[in-house]
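Lettering of chains follows the sequences in order, A, B, ..., and the numbering in each one begins at 1.
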Number of protein chains: 2
Amino acid sequence: MTQEQATHQKISSTIQRQVNRAKILRTLKMLQPVARVDLARETGLSRATVSSIVDELVMESLVEEMGATASRGGRRPILLRVIPGREGRCAIGFELSRNNLTGILVDLHGRVIASHRDLLPAGYLEPASLVDLIQEQVLRLTGPEDPAIRGLVGVGLGVPGLVDPVTGCVQVAVQFGWQNTPLKDMLEKRLKVPVKVMNSVKAAALGEVIYNHHSPEPSPNPRLYLSLGQGIGSALIIEGKLLSGASNTAGEFGHITVAPGGPLCTCGNSGCLEAVAGLPALVSRYLELARMEEPSRLTMAPGEFPYLTSARFLEAVAAGDSLAGRVVAEAAEQIAIALAGVINFTNPELVILGGPLSQVGSALLDPLTQALRRRALPLPLSQVRLVTASLGANAVGIGLGATLISQLSEVVLSR
Amino acid sequence: MTQEQATHQKISSTIQRQVNRAKILRTLKMLQPVARVDLARETGLSRATVSSIVDELVMESLVEEMGATASRGGRRPILLRVIPGREGRCAIGFELSRNNLTGILVDLHGRVIASHRDLLPAGYLEPASLVDLIQEQVLRLTGPEDPAIRGLVGVGLGVPGLVDPVTGCVQVAVQFGWQNTPLKDMLEKRLKVPVKVMNSVKAAALGEVIYNHHSPEPSPNPRLYLSLGQGIGSALIIEGKLLSGASNTAGEFGHITVAPGGPLCTCGNSGCLEAVAGLPALVSRYLELARMEEPSRLTMAPGEFPYLTSARFLEAVAAGDSLAGRVVAEAAEQIAIALAGVINFTNPELVILGGPLSQVGSALLDPLTQALRRRALPLPLSQVRLVTASLGANAVGIGLGATLISQLSEVVLSR
DNA sequence: TTTTTAAGTTTAGGTATTAAACAAAGTATT
DNA sequence: AATACTTTGTTTAATACCTAAACTTAAAAA
């Protein structure tokens, strides 16, 4: 057996045991630092059972004693905590983007311990070379002698493309030219730890949702993450679980029709949200308006093609460029049409605006909330907390890491 | 104790036991009639455990022996089955509509054993009188000496309005002028059996979904029920569970914007689907077209107000009236805009068209499928089976009855 | 008849939980 | 200081439920 398996998973345990372990771990995280008695009182289990399970958790490097604290009139209680940092167990979440591979080492609390970013080599990225790169980063993030590598819970990977989260097979990743690539199997073979592969928007959603609402008890109410960028995607989380759908394409927010008879979309439909509020559409709209109203804005050599990147457009918005602001406000109106529908339909408690466009702040948020007030039903709208994503590029890694960590206290009802 | 409690519920049992009971009941329903050995092989449990649990199930009037069958080389196996009909346990589902109270007695297989419809008294319906009526129908459906009443699993009630399915409290029911009416508590006090109260569209959705896909294993993929009538509502079922949302309003399909800037809706927004494709809108549109194109159609005394009920409009559609057909086709286009968005967003495996408008058949279905092909993404659309509801007015009762029955084999992970 | 085979039950042993007794380590009281 | 409570954590005995294996029952095969 390899050294990675030194800290071995409990292979068998009854369902009863799993449920009680999960209960204890959950309340421990919530009340930490906390003594066994309190865990017993809080979970409703007997002190004997709590002791027995805590012993197990200590053996597995999940929990440690912090020594006795002040007496409460009798024997001093021994405080327990979930082991923080490298000394406890860890997970690593990777984000694969067009140009970078970013790995984030996360501890048992879901906190970032270390991160590392590599530029991807130019040209076609062979899946096998990605596996090499990931293995390299795993070692760099932990160090071959690091306790973290011996207690590595698992490795996650977020890929921009269509992924079957169960098999971990990348069905299509246009940006990399991959089709039916069994990345999970390849990585597990190499790394000898459980691997989770999923779409990166969904992973980011998990990260942001956990960060915005990191109760140990996942809320049963829907929470929506919206990714506004070149494309417009989303992820819906219900009872802490991502909605995948029958073909793993759930969350296609960008192809909701908001302007019937409007501009043709790449998907064949007309008036899709993405076709009117995706970043490319906003850039064109900006150029169009500028040409019509203030040609002076387009400072360029005469005869030069008016070229503008999305990034520079977003900078202009942030800098307070009024024309760019108008374009964003127009987009907000369109986004609100789709979002109001989804709010009415799913009745979420939280909507997180992510993706590059979300980072312009009130330029988007103000017109969006106004339009929502006009278009969404009052009752569902009143339940929604609308926030801007805050984890930026780290969301994917954090989401995957936290997901792997939370699987430690998950109850598996076999079939 | 009252006589209703003669067949008493198992009050305590470990989680392990619950899981195994559920497993056995599920496979029993699937393979019935079947012997203990086969259950053991199929579930992976030992024959001893199967015997012990089957004994319990027999005691609880859920399962019975059918006698031995042909030997397979040794002792003859004793076949078991879930008790059908009144001899086994039953549940009753009620539908409360504007004018009627319909009760449906359902057996352990979810099959209809008996049903009864009462006209509601004219005028305001006191919640307390509804409780009386329901108690009366329960007795009429079972008879005071009927075995069914002694094995009644529970009673369900579908109400047109906003219901908290957990507390069973009717928050708002405009048609009856109720607000915060704790119907569940009132009924449980009277009937002394568990009561489930929910919105009737959601209950109908459960009924149709179970009927269309009655595997004992609920599919993890979303399934959508659409109710097309005066209003337009829907219910989304994921992993066999209804999506409720943060304020129990999930499923508001009618207020998805399909025509921005279109006609004003009662909700304050403009261009809601309900405002252009709800039955009242279709009737007005029909009258408008008729007035413009074929005034002769509107056969009425001169000076009479052109009055047309929804029911008569639907009859016209069914009779092949071309003008009415055009109106439905127009509506289908609008419905498709919203439905395509929801299909893209939730990626369902099944969409069931319910409500009065759905019953016109291909007049709706043909233009709808055509429009969907234009507007929905190919991959999600390819996963959808689009069907018309088939249970009619019985859907609500069947859905509630089947839900109550399925709760018998449900595992409850306390908090 | 006797042997073999299969279905169902009983029994012995293991895991996991709880209540209750017990040990450890403090505070409060005399 | 000695004694009496208190509280925490552990050990112990009883219980629930599972499994493997032995056993009983009842048929087919030899």
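- Distance alone, capped at 3.5 Å, places no donor-acceptor pair between the A:E65 side chain and the A:I78 backbone.
- One end of the helix from C:dT1-D:dA30 to C:dT30-D:dA1 points its axis 30° away from the other end's axis, with each axis taken from 5 pairs and the angle rounded to 10°.
- A side-chain donor-acceptor contact under 3.5 Å links A:R89 to the backbone of A:G151.
- The side chain to side chain donor-acceptor pair (under 3.5 Å) analysis of residues 104-113 of chain A, with sequence neighbours excluded, yields the pairs A:Q32-A:H109, A:H109-A:R111.
- Between A:S51 and the phosphate of D:dG9, there is no side-chain N or O to OP1/OP2 separation shorter than 4.0 Å.
- Applying the 4.0 Å criterion to OP1 and OP2 of D:dC17, one finds that B:N20 has every side-chain N and O outside that range.
- Taking atom CD1 of B:I53 as the reference point, atom P of D:dA16 lies 15 Å away to the nearest angstrom.
- The closest donor-acceptor contact from the side chain of B:R76 to the backbone of B:T69 lies under 3.5 Å.
- Rounded to a whole Å, the CG atom of A:L39 is 14 Å from the P atom of C:dT18.
- Here the P atom of nucleotide D:dG9 and the CE atom of A:M66 are 14 Å apart, to the nearest Å.
- Contact annotation for B:A35: backbone-only contact, meaning every heavy-atom pair under 4.0 Å involves sugar-phosphate atoms and none involves a base.
- Between the CZ atom of A:R21 and the P atom of C:dT17 there is a distance of 11 Å, rounded to whole Å.
- In this model, a donor atom of one side chain and an acceptor atom of the other lie less than 3.5 Å apart for A:S219 and A:E349.
- For the pair A:R17 CZ and C:dT18 C1', the computed distance is 13 Å after rounding to whole Å.
- Every residue meeting the side-chain contact (heavy atoms from CB on, under 4.5 Å) condition with B:V166, not counting sequence neighbours, appears here in chain and number order: B:D164.
- For B:P77, counting side-chain heavy atoms from C-beta on, the closest listed nucleotide (D:dC18, C:dG8, C:dT17) is C:dG8.
- By the salt bridge (charged side-chain N to carboxylate O under 4.0 Å, His left out) test, B:K189 pairs with no residue at all, sequence neighbours left out.
- In this structure, the CD1 atom of A:I15 is 20 Å from the P atom of D:dA16, given to the nearest Å.
- What separates CD1 of B:I78 from C1' of C:dT9 is a distance of 11 Å, to the nearest Å.
- Phosphate contact (OP1/OP2 of C:dT15, side-chain N/O of A:T14, threshold under 4.0 Å): absent.
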Between protein and nucleotides 22-30 of chain D, map the contacts as a letter string: B base, S sugar-phosphate only, - none, heavy atoms under 4.0 Å, written 5' to 3'. B--BBBS--
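- Nucleotides of DNA chain C nearest to A:V50 and B:R36 differ in position, and the one nearer the 5' end is that of B:R36.
- Here C:dG8 presents its C1' atom at 14 Å from CD1 of B:I24, a figure rounded to the nearest Å.
- The backbone N or O of B:T14 sits nowhere less than 3.5 Å from a side-chain atom of A:Q16 that would complete a donor-acceptor pair.
- Residues satisfying the side-chain contact (heavy atoms from CB on, under 4.5 Å) criterion with A:S46, sequence neighbours excluded, are A:A48, A:T49.
- Mapping B:D55 and A:Q16 onto DNA chain C by nearest heavy atom places B:D55 at the nucleotide closer to the 5' end.
- A donor-acceptor contact shorter than 3.5 Å links the side chain of A:E188 to the backbone of A:V195.
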